[in-house]
Amino acid sequence: MRRLRPLVAGYDSLEIIAPYLQHLDISGELSDLKCRLVDVSSLVIASLTFSISCITEFWEEDDIEEDSCLDHHQDIRNLILDNLQKLSYATELITGT
């Protein structure tokens with residue numbers, strides 16, 4: 001597989017295991033989708049032009065516990081750091097929103 005453009009709706013997580021993938025494009029509004037890169041060891045070009053919403057934007061205010069927002073932000077931060085580490089072999093990395 002040379003190119004992967006995942007289109008997911010209605011899911012809360014996505015794991016990408018594609019050791020022969022050369023081009024990856026993740027774009028658009030991910031809402032609360034957690035996208036984890038597991039094996040993208042042959043990646044040449046990665047384009048990450050997506051946005052992630054805070055849980056306060058898609059949960060009812062009454063359903064959010066005091067620490068939930070902070071926990072969500074920490075989870076997303078850890079996920080992004082892990083994904084960036086997996087992208088370290090790519091020769092071109094495009095980021096933005």
Side-chain angles (χ1 to χ4, degrees):
M1 181 184 309
R2 293 183 49 100
R3 182 177 297 268
L4 174 66
R5 288 186 140 193
L7 300 173
V8 258
Y11 296 96
D12 62 355
S13 66
L14 170 69
E15 288 189 343
I16 298 176
I17 304 168
Y20 304 109
L21 183 69
Q22 294 182 354
H23 301 271
L24 174 68
D25 180 10
I26 301 175
S27 59
E29 171 61 48
L30 298 185
S31 296
D32 62 342
L33 177 71
K34 292 180 177 68
C35 182
R36 180 174 309 281
L37 302 177
V38 177
D39 183 359
V40 288
S41 52
S42 296
L43 210 56
V44 177
I45 299 172
S47 177
L48 308 175
T49 55
F50 61 86
S51 59
I52 301 171
S53 299
C54 179
I55 59 172
T56 59
E57 294 185 27
F58 48 84
W59 282 9
E60 294 292 327
E61 191 172 321
D62 296 338
D63 295 336
I64 300 173
E65 295 180 19
E66 188 174 326
D67 295 330
S68 294
C69 187
L70 292 175
D71 291 342
H72 177 74
H73 285 256
Q74 186 64 35
D75 289 345
I76 295 300
R77 178 187 172 279
N78 292 339
L79 180 64
I80 289 171
L81 289 175
D82 185 51
N83 285 344
L84 286 174
Q85 184 178 11
K86 298 281 178 20
L87 295 171
S88 63
Y89 295 109
T91 57
E92 185 176 342
L93 177 60
I94 302 162
T95 61
T97 57

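Below, all heavy atoms of this structure are taken into account, side chains as well, without hydrogens, waters or symmetry copies.
Using a 4.5 Å cut-off on side-chain heavy atoms (C-beta onward), Ile16 and Cys35 make contact.
For the pair Arg36 and Asp82, the tightest heavy-atom approach, listed with the atom from each and the gap, is NH1-OD2, 3.3 Å. The two residues Lys86 and Val40 make their nearest non-hydrogen contact at O-CG2, 3.8 Å.
Partners of Ser41 by side-chain hydrogen bond (donor to acceptor under 3.5 Å, both in side chains), not counting sequence neighbours, listed by chain and number: Asp39. For Asp75, there are no salt bridge (Lys or Arg N to Asp or Glu O under 4.0 Å) partners, not counting sequence neighbours. With sequence neighbours left out, the side-chain contact (heavy atoms from CB on, under 4.5 Å) criterion links Leu93 to Ala46, Leu48, Leu84, Leu87, Thr95. Qualifying side-chain contact (heavy atoms from CB on, under 4.5 Å) partners for Glu92, counting only residues two or more places apart in sequence or in other chains: Ile45, Ile94.
Atom-to-atom distance recorded for Gln22:CD and Thr91:OG1 is 10.0 Å, nearest 0.5 angstrom. Expressed to the nearest 0.5 Å, how far OG1 of Thr49 lies from CD1 of Ile26 amounts to 9.0 Å. Here the straight-line distance linking atom CD of Glu15 with atom CG of Leu37 works out to 10.0 Å at 0.5 Å rounding.
Under a hydrophobic clustering in which Ile, Leu, Val, Met, Phe, Trp and Tyr are joined whenever their side-chain heavy atoms come within less than 4.5 Å, directly or via other members, Leu24 and Ile80 fall into the same cluster. Val44 and Val38 fall into different hydrophobic clusters, defined by Ile, Leu, Val, Met, Phe, Trp and Tyr side-chain heavy atoms under 4.5 Å apart, directly or through other members. Using a 4.5 Å cut-off between side-chain heavy atoms of Ile, Leu, Val, Met, Phe, Trp and Tyr, with links allowed through other members, Phe50 and Leu43 fall into the same hydrophobic cluster.
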